[in-house]
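Counting begins at 1 with the first residue of the sequence. Since the structure is predicted, the reported quantities are computational estimates derived from the model, not experimental observations.
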Amino acid sequence: TIQAEDYIGYFDSGSGNVGGAYRSDDVDIAPCSDGTPCYYVGWTTTGEWLSYAVQTTSTRTWSIQVRYASPYDGRRLRIEVDRAIVAQVRLPASGGWEAWQTATIGTVTLAPGQHTVRVLIDRDGLNINWLMFSQ
C-alpha cells in the first residue's frame, strides 16, 4: 500500500499546503476520516502529479486499486510506472469529500528492481488516500 502523502516527488500548481497537515511543501494534505492515523492528498487540479518509489523482488502481475473521495462524477486520473501509462480511469462520484471508496483501476506486471509510480490528475476535484498493489 502506498499512502498518498508519502510521495518522493510532486508537481502542485498551488502555493503552500492548504490542508496544513503532515508535510510543509506545496502538496495539499489533510487529516481524514478513513482510518487512524490517516491523511489524504486533496485540493487536486488538472496536471498535478505525485511520484513514489516501489521495490519488487520478483516478476509479478499486480492489481492496482485507489482509495478516493469526490462529490463529482467523472474525476480522472492516470497511473504511470517508469513513465509508461498502466491505467487511465474515470471515477464515479463517491458521495462527498470524505465518502471514501476503493476502485480497481488496472493491472501491471513489474520485473524485479526499483520502479517509479506516478499518479497524474487528469481532472481536478479528487481526494486520494492510498494506492494498493495486490496480487
Q: What distance do Tyr68 atom OH and Gln101 atom CD have between them, rounded to the nearest 0.5 Å?
A: 4.0 Å
Q: Do the side chain of Thr56 and the main chain of Ala111 share a donor and acceptor less than 3.5 angstrom apart?
A: yes
Q: When you look at Arg83 and Arg118, which way does the side-chain contact (heavy atoms from CB on, under 4.5 Å) test go after all the steps?
A: CA-CA 8 Å; Arg83 298 251 178 206; Arg118 186 162 18 174; 2.3 Å; yes
Q: Check for me, please, whether Val66 and Tyr52 land in the same ILVMFWY cluster - side-chain distances under 4.5 Å, paths through other members count.
A: yes
Q: State, to 0.1 Å, how close Leu91 and Ala103 come at their nearest heavy-atom pair, and which atoms those are.
A: CD2-CB, 3.8 Å
Q: Under 3.5 Å, is there a donor-acceptor pair between the side chain of Ser94 and the main chain of Ser70?
A: yes
Q: Enumerate, atom names and distances included, each donor-acceptor pair closer than 3.5 Å involving a side-chain atom of residues 11-18, sequence neighbours excluded.
A:
from  : atom 1 : to    : atom 2 : distance (Å)
Asp12 : OD1    : Gly14 : N      : 2.9
Ser13 : OG     : Thr45 : OG1    : 2.8
Ser13 : OG     : Glu48 : OE2    : 2.9
Asn17 : OD1    : Gly19 : N      : 3.0
Asn17 : OD1    : Gly20 : N      : 2.9
Asn17 : OD1    : Ile29 : N      : 2.9
Asn17 : ND2    : Ala21 : O      : 2.9
Asn17 : ND2    : Arg23 : O      : 2.8

Q: Would Ile64 and Thr107 count as a side-chain contact (heavy atoms from CB on, under 4.5 Å) here? Give the steps.
A: CA-CA 6 Å; Ile64 307 167; Thr107 60; 5.9 Å; no
Q: Find the distance between CD1 (Ile121) and CG (Leu50) and round it off to the nearest 0.5 Å.
A: 7.0 Å
Q: Determine whether Val81 and Leu110 satisfy the following criterion, side-chain contact (heavy atoms from CB on, under 4.5 Å), listing intermediate values before the conclusion.
A: CA-CA 9 Å; Val81 175; Leu110 299 177; 3.5 Å; yes
Q: For the pair Gln114 (side chain) and Gln55 (backbone), establish whether a donor and an acceptor sit closer than 3.5 Å, ignoring hydrogens and angles.
A: no
Q: Distance check, rounded to the nearest 0.5 Å: Arg76 atom CZ versus Arg90 atom CZ?
A: 7.5 Å
Q: Going from NE2 on His115 to CH2 on Trp62, what distance comes out if it is rounded to the nearest 0.5 angstrom?
A: 10.0 Å
Q: Please assess Trp49 against Tyr7 for the test ring-ring contact (aromatic ring centres under 6.0 Å, His included), listing each intermediate value before the final yes or no.
A: CA-CA 10 Å; Trp49 56 264; Tyr7 50 86; 9.4 Å; no
Q: Of the non-hydrogen atoms in Pro71 and Ala93, which two are nearest, and what is the gap between them?
A: O-CB, 3.6 Å
Q: Write out all pairs satisfying salt bridge (charged side-chain N to carboxylate O under 4.0 Å, His left out) with one or both partners inside residues 52-64, taking only residues at least two apart or from two chains.
A: none
Q: Are Leu120 and Tyr10 linked, directly or through intermediate hydrophobic residues, by side-chain heavy-atom contacts shorter than 4.5 Å (ILVMFWY only)?
A: no
Q: Calculate, to the nearest 0.5 Å, the distance between atoms CD and CD belonging to Glu80 and Gln88 respectively.
A: 9.0 Å
Q: If only atom types and distance count, is the side chain of Ser51 paired as donor or acceptor with the main-chain N or O of Gly9 below 3.5 Å?
A: yes
Q: Specify the closest pair of heavy atoms between Tyr39 and Glu5, including all atoms of both residues, with the distance to one decimal.
A: O-OE1, 3.3 Å
Q: Compile the donor-acceptor pairs under 3.5 Å between side chains in residues 124-135 and protein atoms, sequence neighbours left out, one pair per line.
A:
from   : atom 1 : to    : atom 2 : distance (Å)
Asp124 : OD1    : Thr46 : OG1    : 3.2
Asn127 : ND2    : Trp97 : O      : 2.8
Asn129 : ND2    : Asp34 : OD2    : 2.8

Q: Tyr22, Ile2: one ILVMFWY side-chain cluster at the under-4.5 Å cut-off?
A: yes
Q: Might you point out which heavy atoms bring Tyr40 and Pro31 nearest each other, and give the distance in Å?
A: CE2-O, 3.4 Å
Q: Working to the nearest 0.5 Å, report the span between CG of Asp6 and OG1 of Thr1.
A: 11.0 Å
Q: With hydrophobic residues grouped by side-chain heavy-atom distances under 4.5 Å, do Val41 and Ile105 end up in a single group?
A: yes
